[in-house]
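Starting from 1, each residue takes its place in the sequence as its number. What you see is a predicted model, and the numbers here were worked out from it, not measured in a lab.
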Amino acid sequence: MADASEPRLLEPRRRRILYAMGIDYWVRRDLPASPCAVADSVEARQPPPRAFTPAVAPGWEQLQQAVSSCSRCELSHSRRHTVFGTGDQSARVMVIGEAPGEEEDRQGIPFVGRAGGLLNQMLLAAGLSRETVYIANILKCRPPGNRNPSPQEAQACHDYLQQQIRLLQPQVILAVGGVSAANLLQTDRSVGSLRGRIHHYGASGIPLVVTYHPSYLLRRPAEKAKTWDD
(Lines give C-alpha, C1' and ligand atoms only; values in the text may rest on other atoms or scores of the structure.)
Protein backbone atom coordinates (compact mmCIF):
# COMPACT_ATOMS: atom_id res chain seq x y z
CA MET A 1 0.00 0.00 0.00
CA ALA A 2 1.24 3.47 -0.85
CA ASP A 3 2.24 5.76 2.00
CA ALA A 4 -0.72 8.05 2.80
CA SER A 5 1.69 10.93 3.36
CA GLU A 6 2.94 10.74 -0.22
CA PRO A 7 1.19 12.92 -2.79
CA ARG A 8 -1.22 10.89 -4.84
CA LEU A 9 -0.66 10.40 -8.54
CA LEU A 10 -4.00 11.26 -10.15
CA GLU A 11 -5.20 9.84 -13.42
CA PRO A 12 -5.46 12.33 -16.29
CA ARG A 13 -9.24 12.75 -16.17
CA ARG A 14 -9.24 13.58 -12.45
CA ARG A 15 -6.33 15.97 -12.92
CA ARG A 16 -8.25 17.83 -15.63
CA ILE A 17 -11.29 18.10 -13.36
CA LEU A 18 -9.18 19.48 -10.51
CA TYR A 19 -7.51 21.94 -12.86
CA ALA A 20 -10.88 23.20 -14.06
CA MET A 21 -11.86 23.67 -10.41
CA GLY A 22 -8.69 25.67 -9.73
CA ILE A 23 -7.20 23.02 -7.40
CA ASP A 24 -3.47 22.29 -7.61
CA TYR A 25 -2.24 18.73 -7.74
CA TRP A 26 1.09 16.98 -7.22
CA VAL A 27 3.05 14.74 -9.54
CA ARG A 28 5.86 12.51 -8.22
CA ARG A 29 9.19 13.38 -9.78
CA ASP A 30 10.85 10.11 -8.85
CA LEU A 31 8.78 8.13 -11.39
CA PRO A 32 9.91 7.72 -14.99
CA ALA A 33 7.88 9.80 -17.33
CA SER A 34 6.50 7.79 -20.20
CA PRO A 35 5.45 9.57 -23.42
CA CYS A 36 1.81 9.02 -22.49
CA ALA A 37 2.31 10.41 -19.00
CA VAL A 38 4.02 13.50 -20.39
CA ALA A 39 1.23 14.06 -22.89
CA ASP A 40 -1.40 13.64 -20.19
CA SER A 41 0.41 16.10 -17.94
CA VAL A 42 0.66 18.72 -20.69
CA GLU A 43 -2.99 18.23 -21.62
CA ALA A 44 -4.06 18.53 -18.00
CA ARG A 45 -2.23 21.82 -17.63
CA GLN A 46 -3.85 23.40 -20.69
CA PRO A 47 -6.71 25.80 -19.93
CA PRO A 48 -10.06 24.15 -20.68
CA PRO A 49 -11.64 25.31 -23.95
CA ARG A 50 -13.95 28.29 -23.57
CA ALA A 51 -17.56 27.46 -24.20
CA PHE A 52 -19.31 29.48 -26.89
CA THR A 53 -21.69 31.95 -25.28
CA PRO A 54 -24.19 33.48 -27.71
CA ALA A 55 -25.24 37.08 -27.34
CA VAL A 56 -28.01 37.36 -24.80
CA ALA A 57 -31.27 38.16 -26.59
CA PRO A 58 -33.62 40.56 -24.81
CA GLY A 59 -36.79 39.37 -23.12
CA TRP A 60 -40.16 41.11 -23.32
CA GLU A 61 -39.40 43.64 -20.60
CA GLN A 62 -35.96 44.57 -21.92
CA LEU A 63 -37.28 44.83 -25.48
CA GLN A 64 -40.13 47.10 -24.43
CA GLN A 65 -37.70 49.34 -22.56
CA ALA A 66 -35.51 49.55 -25.65
CA VAL A 67 -38.49 50.57 -27.79
CA SER A 68 -39.65 53.18 -25.28
CA SER A 69 -36.28 54.93 -25.41
CA CYS A 70 -35.66 54.44 -29.14
CA SER A 71 -34.33 57.35 -31.19
CA ARG A 72 -33.41 55.54 -34.40
CA CYS A 73 -35.50 57.80 -36.63
CA GLU A 74 -37.11 61.23 -36.65
CA LEU A 75 -40.45 59.87 -35.41
CA SER A 76 -38.98 59.78 -31.91
CA HIS A 77 -39.20 63.60 -31.87
CA SER A 78 -42.92 63.83 -32.67
CA ARG A 79 -44.39 60.86 -30.80
CA ARG A 80 -46.26 61.10 -27.54
CA HIS A 81 -45.91 57.40 -26.74
CA THR A 82 -44.28 54.42 -28.36
CA VAL A 83 -46.75 51.66 -29.23
CA PHE A 84 -45.01 48.40 -28.38
CA GLY A 85 -47.73 45.76 -28.58
CA THR A 86 -50.47 44.15 -26.54
CA GLY A 87 -52.05 40.80 -25.84
CA ASP A 88 -51.06 37.29 -24.83
CA GLN A 89 -47.28 36.87 -24.96
CA SER A 90 -47.74 33.14 -25.51
CA ALA A 91 -50.45 33.50 -28.19
CA ARG A 92 -50.65 31.23 -31.22
CA VAL A 93 -51.81 34.08 -33.46
CA MET A 94 -49.88 37.31 -34.04
CA VAL A 95 -51.67 40.25 -35.66
CA ILE A 96 -49.32 42.76 -37.31
CA GLY A 97 -50.74 46.08 -38.41
CA GLU A 98 -49.18 49.09 -40.08
CA ALA A 99 -48.39 52.03 -37.79
CA PRO A 100 -49.97 53.79 -34.81
CA GLY A 101 -52.61 56.43 -35.46
CA GLU A 102 -53.49 59.45 -33.36
CA GLU A 103 -55.43 57.51 -30.74
CA GLU A 104 -52.77 54.80 -30.53
CA ASP A 105 -50.12 57.48 -30.08
CA ARG A 106 -52.14 59.01 -27.26
CA GLN A 107 -52.77 55.73 -25.42
CA GLY A 108 -49.64 53.76 -26.35
CA ILE A 109 -51.78 50.75 -27.37
CA PRO A 110 -52.21 49.38 -30.91
CA PHE A 111 -55.61 49.21 -32.63
CA VAL A 112 -57.83 51.37 -30.47
CA GLY A 113 -60.64 53.67 -31.56
CA ARG A 114 -63.03 52.72 -34.37
CA ALA A 115 -60.49 50.63 -36.26
CA GLY A 116 -59.59 48.75 -33.09
CA GLY A 117 -63.26 48.06 -32.35
CA LEU A 118 -63.72 46.59 -35.81
CA LEU A 119 -60.58 44.45 -35.41
CA ASN A 120 -62.03 43.10 -32.18
CA GLN A 121 -65.19 42.09 -34.05
CA MET A 122 -63.11 40.46 -36.79
CA LEU A 123 -61.24 38.39 -34.23
CA LEU A 124 -64.46 37.33 -32.51
CA ALA A 125 -65.84 36.23 -35.87
CA ALA A 126 -62.83 33.90 -36.17
CA GLY A 127 -63.39 32.47 -32.70
CA LEU A 128 -60.61 34.54 -31.16
CA SER A 129 -60.46 37.57 -28.91
CA ARG A 130 -58.12 40.47 -28.39
CA GLU A 131 -56.88 38.89 -25.17
CA THR A 132 -55.92 35.59 -26.82
CA VAL A 133 -53.80 37.01 -29.65
CA TYR A 134 -50.77 39.29 -29.71
CA ILE A 135 -51.07 42.58 -31.62
CA ALA A 136 -48.16 44.68 -32.88
CA ASN A 137 -47.34 47.05 -35.73
CA ILE A 138 -44.63 47.47 -38.34
CA LEU A 139 -43.84 50.85 -36.73
CA LYS A 140 -43.71 51.60 -33.01
CA CYS A 141 -44.25 55.37 -33.44
CA ARG A 142 -46.93 57.36 -35.24
CA PRO A 143 -45.99 59.00 -38.55
CA PRO A 144 -47.25 62.61 -38.65
CA GLY A 145 -50.66 62.95 -40.28
CA ASN A 146 -51.06 59.15 -40.22
CA ARG A 147 -49.10 58.90 -43.48
CA ASN A 148 -47.65 55.58 -44.58
CA PRO A 149 -44.29 54.68 -43.07
CA SER A 150 -41.20 55.43 -45.12
CA PRO A 151 -38.83 52.56 -45.96
CA GLN A 152 -36.26 54.07 -43.59
CA GLU A 153 -38.75 54.19 -40.72
CA ALA A 154 -39.84 50.60 -41.31
CA GLN A 155 -36.20 49.52 -41.38
CA ALA A 156 -35.49 51.33 -38.12
CA CYS A 157 -38.24 49.29 -36.41
CA HIS A 158 -37.45 46.02 -38.20
CA ASP A 159 -35.27 44.55 -35.45
CA TYR A 160 -37.87 45.26 -32.78
CA LEU A 161 -40.56 43.41 -34.70
CA GLN A 162 -38.21 40.51 -35.39
CA GLN A 163 -37.49 40.19 -31.67
CA GLN A 164 -41.21 40.19 -30.90
CA ILE A 165 -41.76 37.38 -33.41
CA ARG A 166 -38.81 35.47 -31.93
CA LEU A 167 -40.17 35.79 -28.40
CA LEU A 168 -43.73 34.92 -29.36
CA GLN A 169 -43.02 32.15 -31.88
CA PRO A 170 -46.56 32.37 -33.30
CA GLN A 171 -48.15 29.54 -35.22
CA VAL A 172 -49.70 31.98 -37.68
CA ILE A 173 -49.32 35.67 -38.55
CA LEU A 174 -52.21 37.85 -39.72
CA ALA A 175 -50.85 40.76 -41.77
CA VAL A 176 -53.41 43.56 -41.56
CA GLY A 177 -53.21 46.12 -44.36
CA GLY A 178 -50.99 46.81 -47.34
CA VAL A 179 -48.07 48.31 -45.40
CA SER A 180 -47.88 45.26 -43.15
CA ALA A 181 -48.07 42.82 -46.06
CA ALA A 182 -45.53 44.75 -48.12
CA ASN A 183 -42.95 44.82 -45.31
CA LEU A 184 -43.44 41.25 -44.11
CA LEU A 185 -43.50 39.68 -47.57
CA GLN A 186 -41.17 42.18 -49.27
CA THR A 187 -43.61 42.80 -52.11
CA ASP A 188 -45.40 45.70 -53.76
CA ARG A 189 -48.49 43.67 -54.61
CA SER A 190 -51.90 44.80 -53.40
CA VAL A 191 -53.78 43.28 -50.49
CA GLY A 192 -56.46 42.10 -52.92
CA SER A 193 -53.91 40.05 -54.85
CA LEU A 194 -52.24 38.65 -51.72
CA ARG A 195 -55.26 37.63 -49.67
CA GLY A 196 -57.12 34.36 -50.13
CA ARG A 197 -54.10 32.09 -49.75
CA ILE A 198 -51.42 31.21 -47.21
CA HIS A 199 -47.97 32.74 -47.45
CA HIS A 200 -44.96 31.86 -45.33
CA TYR A 201 -42.74 34.18 -43.35
CA GLY A 202 -39.10 33.96 -42.32
CA ALA A 203 -36.64 31.10 -42.21
CA SER A 204 -39.06 28.98 -40.16
CA GLY A 205 -41.86 29.47 -42.70
CA ILE A 206 -44.53 30.76 -40.31
CA PRO A 207 -47.91 30.64 -42.11
CA LEU A 208 -49.01 34.18 -42.92
CA VAL A 209 -52.46 35.39 -44.00
CA VAL A 210 -53.05 38.85 -45.51
CA THR A 211 -56.27 40.77 -44.97
CA TYR A 212 -57.64 44.30 -45.27
CA HIS A 213 -56.99 46.90 -42.59
CA PRO A 214 -60.01 47.83 -40.42
CA SER A 215 -59.58 51.48 -41.41
CA TYR A 216 -60.03 50.48 -45.05
CA LEU A 217 -63.11 48.44 -44.17
CA LEU A 218 -64.65 51.44 -42.42
CA ARG A 219 -64.40 53.25 -45.76
CA ARG A 220 -65.32 50.20 -47.87
CA PRO A 221 -67.78 48.13 -45.80
CA ALA A 222 -68.63 45.99 -48.81
CA GLU A 223 -65.20 44.33 -48.45
CA LYS A 224 -65.95 43.06 -44.95
CA ALA A 225 -67.21 39.72 -46.19
CA LYS A 226 -63.77 38.97 -47.70
CA THR A 227 -62.14 39.78 -44.40
CA TRP A 228 -64.42 37.37 -42.54
CA ASP A 229 -63.22 34.72 -45.00
CA ASP A 230 -59.61 35.61 -44.27
Side-chain angles (χ1 to χ4, degrees), residues 50-73 75-76 79 81-100 104-105 107-112 116 119-120 122-123 126-143 148-189 191 194-195 197-211 213 230:
R50 295 180 62 184
F52 171 71
T53 304
V56 177
W60 284 108
E61 183 177 352
Q62 293 84 357
L63 183 59
Q64 187 164 4
Q65 289 175 354
V67 169
S68 67
S69 60
C70 178
S71 58
R72 293 182 178 181
C73 73
L75 296 182
S76 62
R79 73 187 180 216
H81 294 95
T82 55
V83 181
F84 180 72
T86 188
D88 185 352
Q89 294 179 350
S90 60
R92 296 182 300 109
V93 179
M94 184 174 192
V95 179
I96 302 178
E98 300 181 340
E104 286 81 6
D105 179 53
Q107 298 188 35
I109 303 173
F111 281 101
V112 293
L119 176 65
N120 294 344
M122 293 162 59
L123 293 172
L128 301 168
S129 71
R130 188 181 180 96
E131 294 73 27
T132 60
V133 303
Y134 191 82
I135 304 173
N137 281 318
I138 296 295
L139 289 196
K140 309 306 182 191
C141 297
R142 178 199 179 197
N148 286 340
S150 70
Q152 294 76 18
E153 291 163 352
Q155 183 60 36
C157 274
H158 177 75
D159 290 345
Y160 297 138
L161 182 62
Q162 293 304 300
Q163 292 291 347
Q164 287 178 304
I165 295 172
R166 177 191 64 82
L167 289 168
L168 189 67
Q169 297 186 354
Q171 294 181 19
V172 63
I173 293 174
L174 179 65
V176 179
V179 171
S180 176
N183 280 275
L184 292 171
L185 297 177
Q186 294 297 293
T187 182
D188 58 0
R189 293 174 58 187
V191 172
L194 292 170
R195 59 162 300 276
R197 61 191 181 93
I198 296 176
H199 306 269
H200 294 89
Y201 177 78
S204 57
I206 302 172
L208 184 149
V209 175
V210 176
T211 195
H213 196 281
D230 297 334

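Between the H199 side chain and the L194 main chain, a donor and an acceptor come within less than 3.5 Å of each other. At least one donor-acceptor pair closer than 3.5 Å links the side chain of N137 to the backbone N or O of E98. A donor-acceptor contact shorter than 3.5 Å is absent between the side chain of D88 and the backbone of V133. The closest donor-acceptor contact from the side chain of R72 to the backbone of A156 lies under 3.5 Å. Between the side chain of H200 and the backbone N or O of P207 there is no donor-acceptor pair closer than 3.5 Å. Between the side chain of E104 and the backbone N or O of V112 there is at least one donor-acceptor pair closer than 3.5 Å. At least one donor-acceptor pair under 3.5 Å links the side chain of Q62 to the backbone N or O of G59.
Closest non-hydrogen pair, I206 versus P170, comes out as CG2-O, 3.6 Å. Of all the heavy atoms in P143 and L75, the pair that sits closest is CA-CD2, 3.8 Å. The two atoms that bring Y134 and A91 nearest to each other are N-CB, 3.7 Å, heavy atoms only. The nearest pair of heavy atoms linking P110 to V83 is N-CG1, 3.3 Å. Minimum interatomic distance between P58 and L167 (heavy atoms only, all atoms of both residues): O-CD2, 3.6 Å.
In this structure the side chain of I138 never reaches within 4.5 angstrom of the side chain of C157, judged on heavy atoms. L184 places a side-chain heavy atom less than 4.5 Å from the side chain of L161.
Residues that satisfy the side chain to side chain donor-acceptor pair (under 3.5 Å) test with S76, not counting sequence neighbours, are absent from this structure. Remark: R130 engages N120 in a side chain to side chain donor-acceptor pair (under 3.5 Å) (not counting sequence neighbours). In this view, N183 satisfies the side chain to side chain donor-acceptor pair (under 3.5 Å) rule with no residue, not counting sequence neighbours. Listed by chain and residue number, nothing satisfies the side chain to side chain donor-acceptor pair (under 3.5 Å) test with S68 (two or more places apart in sequence, or in another chain). With sequence neighbours left out, D230 forms a salt bridge (Lys or Arg N to Asp or Glu O under 4.0 Å) with R195.
Separating the CD atom in Q164 from the CD atom in Q169 is a distance of 14.0 Å, to the nearest 0.5 Å. Atom CG of L208 sits about 11.0 Å away from atom CE of M94, to the nearest 0.5 Å. Here the straight-line distance linking atom NE2 of H158 with atom CD of E153 works out to 16.0 Å at 0.5 Å rounding.
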Side-chain donor/acceptor pairs under 3.5 Å, residues 172-181, sequence neighbours excluded:
residue: S180; atom: OG; partner: I96; partner atom: O; Å: 2.8

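More than 12 heavy-atom neighbours from other residues, nucleotides or ligands sit within 6.0 angstrom of CZ on R189.
Taking the six-membered ring for Trp and thresholds of 30 and 60 degrees, F84 and W60 have ring planes more than 60 degrees apart, a perpendicular arrangement.
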From CA spacing to verdict: side chain to side chain contact (heavy atoms under 4.5 Å, CB included), L123, V93: CA-CA 10 Å; L123 293 172; V93 179; 5.8 Å; no

